[in-house]
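Structure record follows, encoded as structure tokens.
Values in this document were obtained by computation on a predicted structure and should not be read as measured data. Throughout, a chain's letter reflects where its sequence line sits, starting with A, and its residues are numbered from 1.
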Amino acid sequence: MRLEKCWFCSSTVYPGHGIQFVRNDAKIFRFCRSKCHKNFKMKRNPRKVKWTKAYRRLHGKDMTQDSTFEFERKRNRPERYDRNVAEKTLMAIKKIDKIRVAREARHHKMRMKGKPAIERQAALTELEKSINLVKAPASLLQESQITPKIKVKIAESQPVERMEE
Amino acid sequence: MSTLPVKQNSKPFLSPLHSAAALVPRLSSPLFVARTLKVLAASDHGYYVFESELADVIPVVKTSIAGTRIVGRLCAGNKNGLLLPHTTTDQELQHLRNSLPDHVVVQRIDERLSALGNCISCNDHVALTHPDLDRETEELIADVLGVEVFRQTIAGNIVVGSYCAFSNRGGLVHPHTSVEDLDELSTLLQVPLVAGTVNRGSEVIAAGMTVNDWTAFCGSDTTATELSVIESVFKLREAQPSSIVDEMRKSLIDTYV
């Protein structure tokens, strides 16, 4: 039993799910559900379909290169079974998963980092453009016609002497 | 350790192999790996013939490949390594790795032509391959099996692994191989070759018999003439496994209890 990856969306295909298609050149395509299978039959390129992992990786939405991905590669030269190694591997799997999740979260955070600044800038431009939704254009015009107050400098007068009572 | 009696090589085999030969029209289940070290057998009725003959000489490993019992046609091996198709499951791969000694490299290959037993025919020094094999596969063969690789056809057939069987001492090829081809192959492989048949005139040699340096197993339909040809070309009459296996004893036994 082996948990394969869907060719289209890269999600895991568990036993009892999905369809495998074997092409005439002996290449095997595994699909997790009919959605992916139908998209494949429509000859859609997964790299252009927004919800697939291939798209997300290509457009930098998800982490592409990381050392944690190396652990999941398929190996063709097995090693002799050793119980200790197997035990340690099981513990390592859990830890590696945790680390990978943490790194993906960090990647997401870095990606979203400049968001408040961008939002503020967008709000300002929006305000300038669509001010007519807030204040009527006539009143805006009036405001611009009102002469601004003129400030005049006055020499400081002597303080008034108080009559002492 | 008892030596194998010579006469067993010249006896046609018993009915269990016949039924195996009937179900799967060729004797496609066994494979001698490492030429002298192990036998991989399909884990159903055919195997106990191998176990009864070979169990005290070399370990017999019961396995399936890609869930099938046609192990001999799917994998190719010699004393240095074993090549398996990409359809081999991880569990089977691990089982083989655990059962074989450490110096035998077990490798799974990503190759379009996945019946490696039909595409690759090899002994410990030379391999003949299907001419359409990938270059990376050819390099892997040279690397894992430690052999010199030749892309060849036999009697015009590209499926070399099934139309010839050779060991370190001799070889049997498709009956329609011309004399010039035979000479050419003989010089390539550096072993004496004979064009012959197996299983009452079947041209598919390697699917009807399995051979290593000191013994051979043929389908029960093989006639006495064919058997004598096989015996003479593979030099089985004088071969005694005792001498060869004594040398290999160290690699067969891990610890003395």
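Other residues, nucleotides and ligands place no more than 12 heavy atoms under 6.0 Å from the CZ atom of B/Arg135. By the 6.0 Å contact criterion, CE on A/Met42 is enclosed, its count of non-hydrogen atoms from other residues, nucleotides or ligands being greater than 12. Environment of OH in A/Tyr14: sparse, with no more than 12 heavy atoms of neighbouring residues, nucleotides or ligands closer than 6.0 Å. Other residues, nucleotides and ligands place more than 12 heavy atoms under 6.0 Å from the NZ atom of A/Lys5. The local environment of CG in A/Asn24 is sparse, with at most 12 non-hydrogen atoms from other residues, nucleotides or ligands closer than 6.0 Å.
Using a 4.5 Å cut-off between heavy atoms, B/Asp90 contacts chain A through its side chain alone, with no backbone atom that close. Proximity to chain A involves both the backbone and the side chain of B/Gln107, based on heavy atoms less than 4.5 angstrom apart. At a 4.5 Å heavy-atom cutoff, B/His95 makes no contact with chain A through either its backbone or its side chain.
Taken from CD in B/Gln91 to CE in A/Met1, the straight-line distance is 7.0 Å, to the nearest 0.5 Å.
Proximity to chain B at a heavy-atom threshold of 4.5 Å picks out A/Lys74, A/Arg75, A/Asn76, A/Arg77, A/Pro78, A/Glu79 from residues 47-79 of chain A, in numerical order.
Interface remark: of the candidates B/Asp102, B/Leu113, B/Thr89, B/Asp110, B/Asp102 forms the most heavy-atom pairs closer than 4.5 Å to chain A.
Closest heavy-atom contact between B/Pro101 and A/Arg80: CA-NH2, 3.9 Å.
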